[in-house]
Amino acid sequence: NKRLRKKSEMVIVTREVTPEGYWSVVQSVSSQIYSDDLPNILGVFKSKREVKDVLAEMAGTHGLCDRLLGLQICKGACFGHVLERCRGACVKKEPREKYNLRFTEAFAKRKIKPWPYKGRILIRENNYETEKARVHLADKWCYLGEVEEGWEDDDEKRSPYKFDLDAYKILRGYLANKHNWKYVTEI
């Protein structure tokens, strides 16, 4: 699997509020994310190049400020404002409420979705070939491993869980299919 051979570091984008009340981004590189940190994360990326490309696209599409997105270091108006792409958040020309609303909309698709359950879930594999099905444990978008059928809840695998972007995508895709809900048990 080529993905497993790649470096395990991720670029994490979180929101920060400027002294003027405008929302901006902070990038950090980490090899692990804990599930308790997920609500504060705007996006998880594989590289700094990917972050830059996505932020530049968001600036153009949503009229966001290059400076507040960390794409440009400057005092005064950003280059996007000179080109009339930025609506002036960098020079306090645009009301922060309007800017922050567009900022939220821009990151809505990238933001990690809230965990749709109150707690952990068991996912039973649909395997008719054997009597004993494999059962998987997950919580807060984190895959916690395989457990025995009839497994009893204990404190063995509790938070903080380590978040994995690929596991998140797999779980999110699986749980988005209503057909799979019959194999999910909330514990």
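Model, not experiment: these values are computed from the prediction.
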Could you check whether any side-chain heavy atom of [X] comes within less than 4.5 Å of a side-chain heavy atom of [Y], counting everything from C-beta outward?
X	Y	result
L165	K46	yes
W23	T18	no
I123	L171	yes
C142	W115	no
L122	V147	yes
F107	L55	yes
V13	I41	no
T14	D37	no

| Interatomic distance, I12 atom CD1 to N40 atom CG [nearest 0.5 angstrom] | 11.0 Å
| message | Please report the interatomic distance CG(D66) to CG(L71), rounded to the nearest 0.5 Å. | response | 5.5 Å
| task | Indicate the ring-plane relationship of H136 and Y143, choosing parallel, tilted or perpendicular according to the 30° and 60° boundaries. | result | tilted
| task | Could you tell me how the ring of F103 sits relative to the ring of Y99: parallel (under 30°), tilted (30 to 60°) or perpendicular (over 60°)? | result | tilted
| query | Can a salt bridge be assigned to the pair R102 and E94 using a cut-off of 4.0 Å between side-chain N and carboxylate O? | reply | yes
| request: Could you tell me whether D53 and K48 make a salt bridge, using a distance below 4.0 angstrom between a side-chain N and a carboxylate O? | output: no
| query | Is the CG atom of L83 crowded by more than 12 outside heavy atoms at less than 6.0 Å? | reply | yes
| CD of E20: more than 12 outside heavy atoms within 6.0 angstrom? | yes
| message | Could you see if L175 belongs to whatever hydrophobic cluster contains I170? Use Ile, Leu, Val, Met, Phe, Trp, Tyr and a side-chain cutoff under 4.5 Å. | response | no
| task | Run the numbers on K93 and H81 for side chain to side chain contact (heavy atoms under 4.5 Å, CB included), then give the verdict. | result | CA-CA 10 Å; K93 182 177 172 183; H81 183 62; 3.9 Å; yes
| task | For D139 and Y161, run side chain to side chain donor-acceptor pair (under 3.5 Å): C-alpha distance rounded to whole Å, both residues' side-chain angles, the deciding distance at 0.1 Å, then the answer. | result | CA-CA 8 Å; D139 191 10; Y161 309 131; 3.1 Å; yes
| field | Ring centre gap for F163 and Y34 strictly below 6.0 Å | value | no
